[in-house]
J.: 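Got a structure here, written out as structure tokens. Questions coming.
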2 protein chains.
Amino acid sequence: MENIFSDEYFMKKALQEAEMAFDKGEIPVGAIIVVENTVIARSHNLTELLRDVTAHAEMQAITAAANFLGGKYLIGCTLYVTIEPCQMCAGALYWSQISKIVYGASDDNRGFEKMGTQLHPRTTVVRGVLANEASELMKRFFAERRK
Amino acid sequence: MENIFSDEYFMKKALQEAEMAFDKGEIPVGAIIVVENTVIARSHNLTELLRDVTAHAEMQAITAAANFLGGKYLIGCTLYVTIEPCQMCAGALYWSQISKIVYGASDDNRGFEKMGTQLHPRTTVVRGVLANEASELMKRFFAERRK
């Protein structure tokens with residue numbers, strides 16, 4: 001039997017979150033955190049609404065997942081995020097010791113990989129899952145903002 | 001007339017916050033944010049109490065200061081923090097465009113300077129203000145934990 005719980009399956013849920021950010025006029029980034037095929041946190045960027053640079057989708061998801069689990073470490077968890085995390089979010093993921101990070105589109109300007117932010121040595125990274133969908137949403141957002 | 005509002009003056013207030021963290025069994029790091037010689041945010045590490053890796057003193061101070069100012073950018077503000085910020089906090093400070101960071105003791109293992117985290121190009125950094133006081137508090141904390 002086919003396993004429906006693929007990385008694409010969960011990334012679609014992160015994309016739904018990104019769409020919700022888009023509808024609020026926020027830079028459209030969405031994130032979810034999954035443990036044993038169960039979504040335990042979902043969030044989207046709220047930096048404009050909250051006027052808070054720390055309100056990235058990933059930061060909120062980390063806090064929500066830790067709250068759900070009753071402990072601050074996210075060992076055994078996977079983060080799905082539509083855009084490559086920044087230095088701040090990668091730094092938070094480092095502290096969380098999260099097991100796996102799956103991201104969609106790369107951020108060649110401010111993504112953690114180019115910036116050289118260090119993750120926990122036991123964290124694995126999967127790149128480019130539904131990257132086109134994530135970057136198309138970003139392009140559409142910035143095209144509408146320029147109008 | 002002597003200006004009482006020196007970096008040491010404000011760092012003493014950050015050290016008071018670090019002492020409050022110490023008293024709660026938290027790794028003793030304190031932070032304040034100042035604009036035009038007025039303290040607009042004060043906080044200390046709460047990662048254990050909140051079970052949240054994102055609850056560093058600096059992150060809370062950034063959120064509180066933005067809330068006070070009614071905007072997410074901290075241009076014109078100075079952060080005083082007793083220990084060198086980590087990747088996550090430096091990444092948040094990058095987004096905030098804060099004008100000045102003053103820290104006490106260096107963190108040679110996980111501080112942002114060794115890790116290579118990038119700050120905003122207009123942010124200036126002052127190092128080593130009341131560093132002995134800050135590192136003595138840390139040493140005392142870890143000595144007591146080992147007992």
Side-chain angles (χ1 to χ4, degrees), chain A residues 26-27 29 31 33 41 43 45-75 77 79 84-98 107 109-121 123, chain B residues 26-27 29 31 33 41 43 45-75 77 79 84-98 107 109-121 123:
Chain A
E26 298 278 354
I27 294 178
V29 183
I33 291 179
S43 58
N45 179 37
L46 287 174
T47 47
E48 295 304 320
L49 188 73
L50 300 179
R51 293 174 182 167
D52 184 349
V53 297
T54 76
H56 283 195
E58 302 94 311
M59 301 301 282
Q60 297 175 65
I62 292 165
T63 297
N67 193 44
F68 177 87
L69 295 170
K72 64 181 176 161
Y73 296 117
L74 303 184
I75 297 163
C77 296
L79 169 79
E84 180 187 346
C86 72
Q87 299 185 115
M88 169 182 70
C89 295
L93 291 162
Y94 168 91
W95 289 120
S96 80
Q97 302 185 25
I98 198 163
D107 179 350
N109 291 317
R110 288 161 164 180
F112 80 96
E113 307 230 48
K114 192 188 169 188
M115 304 284 264
T117 313
Q118 214 169 295
L119 296 177
H120 192 274
T123 302
Chain B
E26 299 277 355
I27 294 176
V29 183
I33 291 179
S43 57
N45 179 35
L46 287 174
T47 49
E48 295 304 320
L49 188 72
L50 300 180
R51 295 174 180 166
D52 185 349
V53 296
T54 75
H56 283 193
E58 301 95 311
M59 300 299 283
Q60 298 175 66
I62 291 166
T63 297
N67 192 44
F68 177 87
L69 294 170
K72 64 181 176 160
Y73 296 117
L74 304 183
I75 297 162
C77 295
L79 170 79
E84 181 187 346
C86 72
Q87 300 184 115
M88 170 180 70
C89 295
L93 292 162
Y94 168 91
W95 289 121
S96 80
Q97 302 184 25
I98 197 162
D107 179 350
N109 291 317
R110 287 160 164 181
F112 80 96
E113 307 231 47
K114 192 188 168 188
M115 304 284 264
T117 312
Q118 215 170 296
L119 297 177
H120 192 274
T123 302

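Quick note on labels: first sequence line is chain A, next is B, and so on, each numbered from 1.
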J.: Between atom CE of B:Met88 and atom OG1 of A:Thr117, what is the distance when rounded to the nearest 0.5 Å?
T.: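 Here the interatomic distance stands at 12.5 Å.
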J.: Any non-hydrogen side-chain atom of B:Gln87 less than 4.5 Å from a side-chain atom of A:Phe112?
T.: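 No, their side chains stay 4.5 Å or more apart.
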J.: On a heavy-atom basis, which atom in A:Ala92 and which in B:Thr54 lie closest, and how many Å separate them?
T.: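 Nearest pair, atom of A:Ala92 first, then B:Thr54: CB-CG2, 4.2 Å.
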J.: Output yes when a side-chain donor or acceptor of A:Gln118 lies under 3.5 Å from a complementary backbone atom of B:Met115, and no otherwise.
T.: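 Judged by distance alone, no pair lies under 3.5 Å.
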J.: Looking at A:Thr47 and B:Lys72, what are the two nearest heavy atoms and their distance?
T.: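 Looking at all heavy atoms of both residues, the shortest contact is O-CD, 3.9 Å.
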J.: Which bit of B:Gln97 is near chain A, if near means a heavy-atom gap under 4.5 Å: side chain, backbone, both or neither?
T.: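 When you check distances to chain A, no heavy atom of B:Gln97 falls under 4.5 Å.
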J.: Among A:Ala90, A:Ala66, A:Gly71, single out the residue with the greatest number of heavy-atom pairs under 4.5 Å to chain B.
T.: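 That would be A:Gly71.
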J.: CZ/B:Arg110 to OH/A:Tyr94 distance, rounded to the nearest 0.5 angstrom?
T.: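 Here the interatomic distance stands at 3.5 Å.
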